[in-house]
Amino acid sequence: MSFIEVRNLQKSFGPLEVLKDISFDVEKNDVLAIIGPSGSGKSTMLRSLIQLEQVGGGSILVDGDYLVNNGVYANPADSKRINGKMGMVFQQFNLFPHLTVKQNLELAPKLVKKEKAKEYSERAVELLEKVGLAAKQDELPSRLSGGQKQRVAIARALMMNPEILLFDEPTSALDPQLTKEVLHVMKNLAEEHMTMIVVTHEMEFASNVANRVIFMADGMIVESGSPDEVFNTPKQLRTKEFLNYEMNE
Ligand code: ADP
Ligand code: MG
């Protein structure tokens, strides 16, 4: 059994078919990079995994539990428990602007009320240290650079001890220097065997850090394999064209 099993996933927005029969697996400790042109359904696919989008058909199994079984969703209690195993990091950071950095990290555990304030407060500081931002804990997000904001968002996603982290183009809003510091944090997570799915245009990250790559286009998985297979010996013309384009950007 894989940690995540996606089977025949389908999703439309009105008449527009965005996911057409998507199937793939994610194993524990995988770093799966998802690449592909804009509009190919990458974000929709990722958002579907944590129920930010409702799918029209297919199945999603997480750690042996169905989130969706042939288009039918698990009950709210089960969905909540399953979604709790996953954390997500967005392109635009999505930090709460009126909360300090540390308060952003503490919000979810505070709402869940399963731990004492002292416990999650200590964890918040530890995670901020891990992303190199302990000194910024009392700042508002508006005082941070984009790269710092994204590192805070990563620390925040780690607060609920997820078993997998989903990243949707985490560096696309950043200039190259800030991109580097965020990718560095992500590489460290990979080295600690965090399971991750990363939608990215960073081909170097995908080829050096990921152990598996999926190329999506037009709502379908066109090609998948090891980074070596997908980047060095792509089988599909569509993949070759995309890679040529990305490499010459
Ligand atoms: P990607 O992340 O690969 O760029 P998306 O998943 O964002 O692709 O989008 C796939 C397609 O779905 C695009 O054609 C996009 O315009 C469309 N789409 C995405 N979200 C919505 C929405 N909420 N309503 C209607 N169409 C949408
Ligand atoms: Mg997207």
Side-chain angles (χ1 to χ4, degrees), residues 4 6-24 26 30-60 62 67-68 71 73 79 83 86-95 146-147 149-150 153-154 157 164-176 178-179 182-183 186 196-207 209-210 212-225 227 230-231 234 236-249:
I4 290 190
V6 173
R7 293 288 171 269
N8 309 109
L9 211 61
Q10 291 169 34
K11 164 80 184 167
S12 298
F13 289 110
L16 181 69
E17 251 193 296
V18 175
L19 300 180
K20 305 169 184 169
D21 205 34
I22 296 277
S23 300
F24 64 93
V26 183
D30 266 353
V31 177
L32 169 63
I34 300 183
I35 60 172
S38 172
S40 54
K42 304 181 301 296
S43 294
T44 304
M45 200 283 295
L46 212 56
R47 292 165 59 82
S48 298
L49 294 181
I50 51 163
Q51 242 183 305
L52 290 174
E53 301 288 352
Q54 281 241 283
V55 297
S59 302
I60 300 172
V62 180
L67 177 64
V68 198
Y73 274 87
S79 294
N83 287 332
M86 299 184 267
M88 182 141 174
V89 175
F90 301 88
Q91 181 177 339
Q92 294 298 340
F93 329 124
N94 295 11
L95 298 176
K149 283 181 197 164
Q150 194 59 298
I154 293 171
I164 182 168
L165 275 186
L166 314 179
F167 294 84
D168 192 1
E169 302 205 24
T171 61
S172 292
L174 306 175
D175 67 34
L178 302 182
T179 292
V182 171
L183 293 179
M186 292 169 65
M196 309 199 273
I197 304 179
V198 185
V199 173
T200 187
H201 285 281
E202 293 294 328
M203 296 300 144
E204 209 181 292
F205 178 85
S207 63
V209 180
R212 294 187 44 235
V213 179
I214 284 177
F215 171 61
M216 266 180 85
D218 200 19
M220 292 177 285
I221 293 178
V222 174
E223 183 153 0
S224 67
V230 174
F231 289 110
Q236 304 295 326
L237 181 61
R238 195 81 202 261
T239 316
K240 288 177 199 167
E241 285 172 351
F242 174 77
L243 291 175
N244 275 336
Y245 177 79
E246 286 287 318
M247 301 309 177
N248 295 324
E249 272 284 89

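Counting convention: from 1, in listed order, for ligands and their atoms alike. In this chain, residues are counted from 1 in sequence order. It should be emphasised that the depicted structure is a prediction, and the values quoted were computed from it without experimental measurement.
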Problem - Sub-4.0 Å heavy-atom approach of Gly36 to ligand 1 - result: no

Practice task
May I ask you to check whether Ser40 has an N/O atom sitting below 3.5 Å from an N/O atom of ligand 1?
Solution key: yes

Practice task
Go through Phe242 and Glu223 one step at a time and tell me if the side-chain contact (heavy atoms from CB on, under 4.5 Å) criterion holds.
Solution key: CA-CA 12 Å; Phe242 174 77; Glu223 183 153 0; over 6 Å; no

Handout entry: Flag side-chain contact, heavy atom, 4.5 Å: Ile34 against Leu32
Key = yes

Practice task
Check Thr239, Val222, Asn244 against Pro234 for a side chain to side chain contact (heavy atoms under 4.5 Å, CB included) and give me the one that passes.
Solution key: Thr239

Handout entry: Side-chain heavy atoms of Phe24 within contact of Met45, under 4.5 Å
Key = yes

Handout entry: Residue pair Val89 / Gln150, side-chain heavy-atom distance below 4.5 Å
Key = yes

Completion exercise
for atom 8 (O) of ligand 1, nearest protein heavy atom and its distance come out as Gly41 N, 3.1 Å

Handout entry: Heavy-atom nearest neighbour in the protein, as seen from atom 24 (N) of ligand 1, with distance rounded to 0.1 Å
Key = Phe13 CD2, 3.4 Å

Problem - atom 17 (C) of ligand 1 [closest protein heavy-atom partner, distance rounded to 0.1 Å] - result: Leu16 CD2, 3.9 Å

Exercise for the section: Between Val199 and ligand 1, find which residue part has any heavy-atom pair under 4.0 Å and reply side chain, backbone, both or neither. Expected result: neither

Handout entry: Protein contact of atom 7 (O) of ligand 1 - nearest heavy atom, named by residue and atom, plus distance
Key = Ser43 CB, 3.7 Å

Handout entry: Lys20 with Asp218: basic N within carboxylate O range, under 4.0 Å
Key = yes

Exercise for the section: Indicate whether atom 15 (C) of ligand 1 is within a distance of less than 4.0 angstrom of some protein heavy atom. Expected result: no

Problem - Contact (N/O only, under 3.5 Å) between Val18 and ligand 1 - result: no

Handout entry: Val213 vs Met203 side-chain heavy atoms within contact, under 4.5 Å
Key = no

Problem - Minimum side-chain heavy-atom gap Met216-Ile221 below 4.5 Å - result: yes

Fill in the blank from the handout: Min over Leu46, Thr44, Ile34 of heavy-atom distance to atom 9 (O) of ligand 1 lands on Thr44

Handout entry: Ser43 near the Mg ion (ligand 2) via N/O/S, less than 2.8 Å
Key = yes

Fill in the blank from the handout: To atom 1 (P) of ligand 1, the nearest of Gly39, Ser12, Gly14, Pro37 on a heavy-atom basis is Gly39

